[in-house]
Amino acid sequence: MTSGRSFYITTPIYYPSDLPHIGHGYTTVAVDTLARWHRQAGDDTWMLTGTDEHGQKMLRAAAANGVTPQEWVDKLVTESWFPLLETLDVANDDFIRTTQPRHEERVQQFVKALFDRGYIYAGEYEALYCVGCEEFKPEAEIVDGTGPFEGLKVCAIHSKPLELLQEKNYFFKLSEFQDRLLELYKTEPDFVRPESARNEVVSFVRSGLKDLSISRSAFDWGITVPWDPSHVIYVWVDALLNYATAVGYGTDPETGEVTAEFARRWPAYHVVGKDILRFHAVIWPAMLMAAGLDVPRGVFAHGWLLVGGEKMSKSKLTGIAPTEITDVFGSDAYRFYFLSAIAFGQDGSFSWEDLSARYQAELANGFGNLASRTIAMISKYFDGVVPEPGAYTDSDLTIQKIVADAAANADAAVERFRIDEAIAAIWTIVDALNGYITENEPWALAKDEATRERLGTVLYTAAEGLRALAVLLSPVMPASTEKLWFALGASESLGDLHDQRLREAGAWGVLRPGSSVNALSPLFPRVEQA
């Protein structure tokens, strides 16, 4: 049973020439968590990720390795990018590759539609091009080189010399959409988030838009321009279109209407790194407007992960592979740490010391210990059967209110794409329950038969709080919450964890007294640091 609301969300389409690092993982688990939340809330959810496999940089890398471009991208995707999804426990619905026929054919249809509508024309172009960015660079991103590159113009992002390219290209009339884009940002203030990203985009568009070169003729590793096979489509145009082609952009050959899948899914939410914001918040909606299609529902730009104060870079040897973390702490700890320790939308610094400290304090000692001792006390004092609660006291009712408020506040935070705030709201349950157990001392209540009913109420309250935590945290930490769900005996009495409705998680009294708990090994085992 779904809510009927469509929620289509995408990661950026990753350029697979470099090995995935924790920055790629951060984006992917954020989108996966948002998708899991909406899916479990009953929304008609679809999560897309994938790889952008064309372009000059890929062509050169393949040549340097003595293989064809297709062989090169097949190797990268199979050996590095597919395994990343398993490493981080990502439950994507689709993975698109821009070398797939389903994508290439629909890209040609889209570009031909723009051409037929009069938005594409031929012209001469000369500008400085960054192969690393696959982009003709604006003046603001061109700097003077230093050291070995002194006297040259270099890319402000990659710090590598730019190439002066002069070609006959096809151009998209981006400049015609300046007013329409500004009106979009005005009437839909949440189209670009956070506010700092919106302000940057508005300022950029107000400064004036130039028409966009959308083809290249100097190489052939790309999708052929349908009316001129001597040109291939600019890699960024090709890449942006994946969000539409993956969900069936095009028309039904029998009816002439848009495909049912596209009508069901589109438009999408896009989560991207702030360095590619302009492509997604300026060029992409303009392309869709030109094609007569709905613009995306929104673009959320998250910040960079910083290591040693710098954005991660393969060339600077600051890239960290996700497996370096998951092999030690596990995938759930990876997901929890990056999604809770960084305000989503802002830059965040990574350090092993901070990760280790949060793992021990919040996961092992906080959540994990709460789960272990609650299950252990039910096993010890009630022979492993969830007790029937008695009359509730004020302290019990306080817990019930905290659970209800946490569920509502977390859902509201997810609607704002603030996963960090959602986790903080949920964590009020962890802190409250730990304090509740300390205050009520069930081990002391167990010594007197006269307080047995009170003991049952306290342990039921703790177990029911854990039931809510398992549901609410399952999009963030799917592996550990599944273990907890089984330990609570909820699988037998309530069914699969992922069938539990998130927006109903704050209701009280769902866990059934009389159900049997199961042994629970530590959710977050002690990690020995070298």
Side-chain angles (χ1 to χ4, degrees), residues 330 332-333 359-400 402-403 406 426-474 477 479-497 500 505 507-527:
D332 273 9
Y359 177 90
Q360 193 59 41
E362 297 173 46
L363 294 180
N365 294 342
F367 180 38
N369 188 48
L370 170 67
S372 294
R373 61 178 176 164
T374 298
I375 298 296
M377 286 188 287
I378 291 174
S379 297
K380 182 176 181 179
Y381 302 136
F382 287 92
D383 296 323
V385 175
V386 176
E388 184 83 40
Y392 289 122
T393 66
D394 287 346
S395 66
D396 309 326
L397 297 174
T398 296
I399 293 293
Q400 294 178 25
I402 288 171
V403 169
I426 297 166
W427 222 254
T428 61
I429 303 174
V430 175
D431 294 337
L433 284 177
N434 276 318
Y436 172 83
I437 290 174
T438 299
E439 176 189 335
N440 283 275
E441 298 183 320
W443 48 88
L445 295 173
K447 295 177 180 177
D448 190 343
E449 189 62 32
T451 54
R452 185 162 181 78
E453 180 180 290
R454 179 61 193 156
L455 173 63
T457 303
V458 169
L459 291 181
Y460 178 82
T461 297
E464 173 66 345
L466 284 170
R467 187 274 315 163
L469 281 170
V471 176
L472 293 168
L473 287 173
S474 60
M477 298 187 286
S480 56
T481 50
E482 191 74 62
K483 287 183 185 176
L484 175 58
W485 191 251
F486 176 76
L488 287 168
S491 302
E492 296 237 349
S493 59
L494 300 176
D496 190 82
L497 171 59
Q500 311 305 307
W508 194 259
V510 177
L511 192 64
R512 295 175 186 172
S515 56
S516 298
V517 300
N518 300 293
L520 178 64
S521 57
L523 294 179
F524 303 97
R526 180 179 298 278
V527 171

>> Test of understanding: with side-chain contact (heavy atoms from CB on, under 4.5 Å), list the residues that count as partners of Glu492, not counting sequence neighbours.
In response: none
> Who pairs with Asn518 by side-chain hydrogen bond (donor to acceptor under 3.5 Å, both in side chains), at least two apart in sequence or on another chain?
Replying inline: none
>> Going by the rule side-chain contact (heavy atoms from CB on, under 4.5 Å), which residues pair with Gln360 if we only count those two or more places apart in sequence or in a different chain?
In response: Ala364, Asn365, Arg526
>> Applying ring pair (Phe, Tyr, Trp, His ring centres under 6.0 Å) as the test, list every pair that has at least one member in residues 427-466; sequence neighbours left out.
In response: Phe336-Trp427, Phe367-Trp427
> Ala479: what forms a side-chain contact (heavy atoms from CB on, under 4.5 Å) with it, not counting sequence neighbours?
Replying inline: Asp89, Asp332
Listed pairs under 3.5 Å, donor-acceptor, residues 384-392 side chains, sequence neighbours left out:
| unit_1 | atom_1 | unit_2 | atom_2 | d |
| --- | --- | --- | --- | --- |
| Tyr392 | OH | Trp508 | NE1 | 3.1 |

> With sequence neighbours excluded, what pairs up with Tyr359 under the ring-ring contact (aromatic ring centres under 6.0 Å, His included) test?
Replying inline: Phe329
> Looking at residues at least two apart in the chain, or sitting in another chain, which of them share a side-chain contact (heavy atoms from CB on, under 4.5 Å) with Ser491?
Replying inline: Trp485, Phe486
> By side-chain hydrogen bond (donor to acceptor under 3.5 Å, both in side chains), which residues pair with Ser474, not counting sequence neighbours?
Replying inline: Gln40
>> According to side-chain hydrogen bond (donor to acceptor under 3.5 Å, both in side chains), who are the partners of Glu362, at least two apart in sequence or on a separate chain?
In response: Arg358
> Residues two or more places apart in sequence or in another chain: which of them pass side-chain hydrogen bond (donor to acceptor under 3.5 Å, both in side chains) with Glu482?
Replying inline: His498
>> I need the full list of side chain to side chain donor-acceptor pair (under 3.5 Å) pairs touching residues 369-383, with sequence neighbours left out, sorted by first then second residue.
In response: Arg373-Asn434
